[in-house]
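Beneath this line is the structure, given in structure tokens, with notes to follow.
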Amino acid sequence: MLLIVSGGIAAYKAVYLCRGLRQAGAQVDVILTPAGEHFVGRVTFGALTGRRVYRDVWEEPLAHVTLGREADIAVVAPATADILARLAHGLAGDMATATLLAAACPLLVCPAMNVRMWEHPATRRNMEALRADGVHVLGPDHGELAEGEVGYGRMAEPDEILAKLGHLLAPPSPWSGRRVVVTAGPTRAPIDAVRFISNHSSGRMGFALAEAAWRRGADVVLISGPTEVAPPDGPRRIDVETADEMLDALRAELADASVLLMAAAVGDYRIGAPSNDKIKREQMRELPLKLEAEKDLLTETSALRREQGVFTLGFALETQDAVENGRRKLDKGLDLIAVNVVGPETGFGTSTNRVTLVSPSGDAEEWPLLPKQEVAERLLDRIETEFSGNSK
Ligand code: CTP
């Protein structure tokens with residue numbers, strides 16, 4: 001593969017990216033632009049890749065054609081406003097742009113620049129042109145920039161870039177191009193400005209599903225409630241707090257989805273009229289908390305899902321009569337339900353799960369105790385078998 005490093009302060013992160021690519025087993029050819037070489041040296045990349053590092057088109061006159069022909073993917077990280085402008089216009093006056101113009105492989109660019117350069121209409125135009133040409137774009141992220149300003153302009157982190165490259169290189173699979181919506185984590189029902197009712201869900205099961213589906217090439221959107229566990233790097237994420245927010249996100253994202261994996265532990269109760277102010281302790285002592293039933297998100301989206309033909313997997317967390325209760329929950333418009341019983345190594349906050357898979361035909365398949373990643377893979381394998389005969 002090809003790594004092109006242009007001249008921005010984020011070039012140091014390209015060193016980590018290069019090391020990560022090598023660790024993942026990739027053969028990496030690096031092209032440094034002259035500006036890039038102001039930030040990091042050829043020796044560094046040469047030592048990491050064990051290969052020649054290119055900079056000038058005249059050093060090896062045919063390399064700009066052969067490099068692009070041999071690569072399975074090219075990534076420009078960091079991609080400055082300047083190199084993006086030159087790529088958008090098909091310029092080829094240096095080693096990096098000449099190689100990319102001659103390359104036939106997919107291209108990922110990871111913009112990094114000052115926020116005003118990123119927001120400039122010229123950069124906007126160039127990005128639109130690149131996207132229209134099928135160039136993949138990752139970032140820039142929001143955060144503190146080198147000059148002390150805050151805004152969009154930070155290059156995506158090397159781990160994110162690695163994950164994105166893995167996704168782009170995933171061999172065609174039944175998941176390629178399918179929109180998969182995953183919900184994960186708890187929801188919160190506010191009591192007042194600072195308090196809420198919630199549950200112990202860590203989001204791990206949903207995160208494992210989102211990551212696994214993304215690795216299989218699906219276009220994954222992860223709708224996540226608040227949790228301390230780090231979400232996977234690849235899938236697009238929508239962060240929500242309340243069940244209402246999760247429902248709004250679901251309605252918007254289900255429009256062209258083919259699969260919904262409903263792993264979120266949506267609350268069952270909400271407070272009738274949460275206070276906008278912090279309730280004082282004195283008041284709290286005698287405060288009768290008036291609970292109302294929360295909307296059931298699966299029921300609320302049932303008609304929409306049926307209309308769209310969305311295959312839906314639900315989860316049920318039970319403390320007793322697992323299979324029987326799970327079966328009843330299939331009525332919420334589910335095609336499959338993974339039932340787990342709360343136990344020392346299963347359920348909330350654990351990294352393993354013991355699942356019984358219940359289908360509308362009444363079959364119940366008991367799986368052994370497995371890491372949540374393995375449960376996710378098995379669930380996706382199972383759903384994959386449903387794809388044959390359904391092209392969406
Ligand atoms: N669910 C939902 N909306 C809710 C509660 C749950 O969409 N307000 C979804 C969950 O995401 C899960 C499935 O319904 O996929 C079953 O969740 P579970 O909490 O086990 O079931 P409940 O219907 O809440 O039933 P109970 O609490 O009585 O066991």
Side-chain angles (χ1 to χ4, degrees), residues 180-190 196-210 213 220-227 238-254 257 259-272 274 291-306 308 310-343 346-350 353-360 364 372 375-376 379-380 382-383:
V180 175
V181 180
V182 183
T183 66
T187 59
R188 289 179 177 173
F196 54 82
I197 301 179
S198 191
N199 57 62
H200 288 296
S201 169
S202 66
R204 279 197 181 90
M205 192 61 241
F207 290 177
L209 281 163
V220 179
V221 56
L222 172 59
I223 304 173
S224 174
T227 148
I238 302 178
D239 291 330
V240 297
E241 269 195 35
T242 63
D244 272 342
E245 286 168 8
M246 189 170 275
L247 181 58
D248 286 346
L250 265 176
R251 286 201 172 114
E253 297 300 328
L254 282 173
V259 176
L260 169 64
L261 307 172
M262 191 73 189
V266 186
D268 289 328
Y269 312 102
R270 63 159 79 199
I271 307 298
L291 299 180
E292 288 179 0
E294 186 55 271
K295 287 178 195 146
D296 189 285
L297 309 196
L298 281 173
T299 308
E300 294 284 329
T301 56
S302 177
L304 174 64
R305 287 183 287 113
R306 198 166 341 106
Q308 303 278 331
V310 180
F311 183 94
T312 306
L313 167 75
F315 282 81
L317 192 60
E318 303 293 346
T319 50
Q320 57 201 356
D321 302 330
V323 175
E324 203 31 57
N325 285 328
R327 253 186 211 125
R328 271 212 312 275
K329 290 178 187 172
L330 282 168
D331 287 348
K332 301 191 201 184
L334 296 178
D335 298 287
L336 208 54
I337 189 158
V339 186
N340 38 75
V341 178
V342 184
T346 66
F348 282 162
T350 61
N353 224 356
R354 194 191 302 276
V355 160
T356 301
L357 202 58
V358 182
S359 61
K372 284 184 175 167
V375 174
L379 287 170
L380 296 189
R382 172 62 196 267
I383 295 170

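All ligand and atom numbering here is 1-based and tracks the order in the structure. This structure is a prediction, so every number in the text was calculated from the model and none was measured.
- Between the choices Glu318, Met262, Lys329, the shortest heavy-atom distance to atom 29 (O) of ligand 1 belongs to Lys329.
- Among protein heavy atoms, atom 24 (O) of ligand 1 sits closest to Asp268 OD1, 2.9 Å.
- Listed by chain and number, the residues in a side chain to side chain contact (heavy atoms under 4.5 Å, CB included) with Asp248 amount to none (sequence neighbours excluded).
- Of the candidates Leu260, Val181, Asp335, Thr301, Val310 forms a side chain to side chain contact (heavy atoms under 4.5 Å, CB included) with just one, namely Leu260.
- In this structure, the protein non-hydrogen atom closest to atom 14 (O) of ligand 1 is Lys332 NZ, 2.8 Å.
- Within the structure, the closest approach of Lys295 to ligand 1 falls below 4.0 Å when heavy atoms are considered.
- Annotation: Ala265 places no N or O atom under 3.5 Å from an N or O atom of ligand 1; distance criterion only.
- Contact detail for Leu222 and Ala184: the closest heavy-atom pair is CD1-CB, 4.0 Å.
- What sits closest to atom 13 (C) of ligand 1 on the protein, heavy atoms only, is Phe315 O, 3.1 Å.
- With sequence neighbours excluded, the residues satisfying side chain to side chain contact (heavy atoms under 4.5 Å, CB included) with Arg382 are Leu336, Leu357, Ser359, Glu365, Thr385, Glu386.
- Close N/O approach between Leu317 and ligand 1 is found [any backbone or side-chain N/O within under 3.5 Å].
- The protein heavy atom nearest to atom 3 (N) of ligand 1 is Leu297 N, 3.0 Å.
- Distance from atom 11 (O) of ligand 1 to its nearest protein heavy atom, with residue and atom name: Ala264 O, 2.8 Å.
- A distance-only check finds no donor-acceptor pair linking the side chain of Gln308 to the backbone of Leu304 [under 3.5 Å].
- The shortest N/O to N/O separation between Ala316 and ligand 1 does not fall below 3.5 Å.
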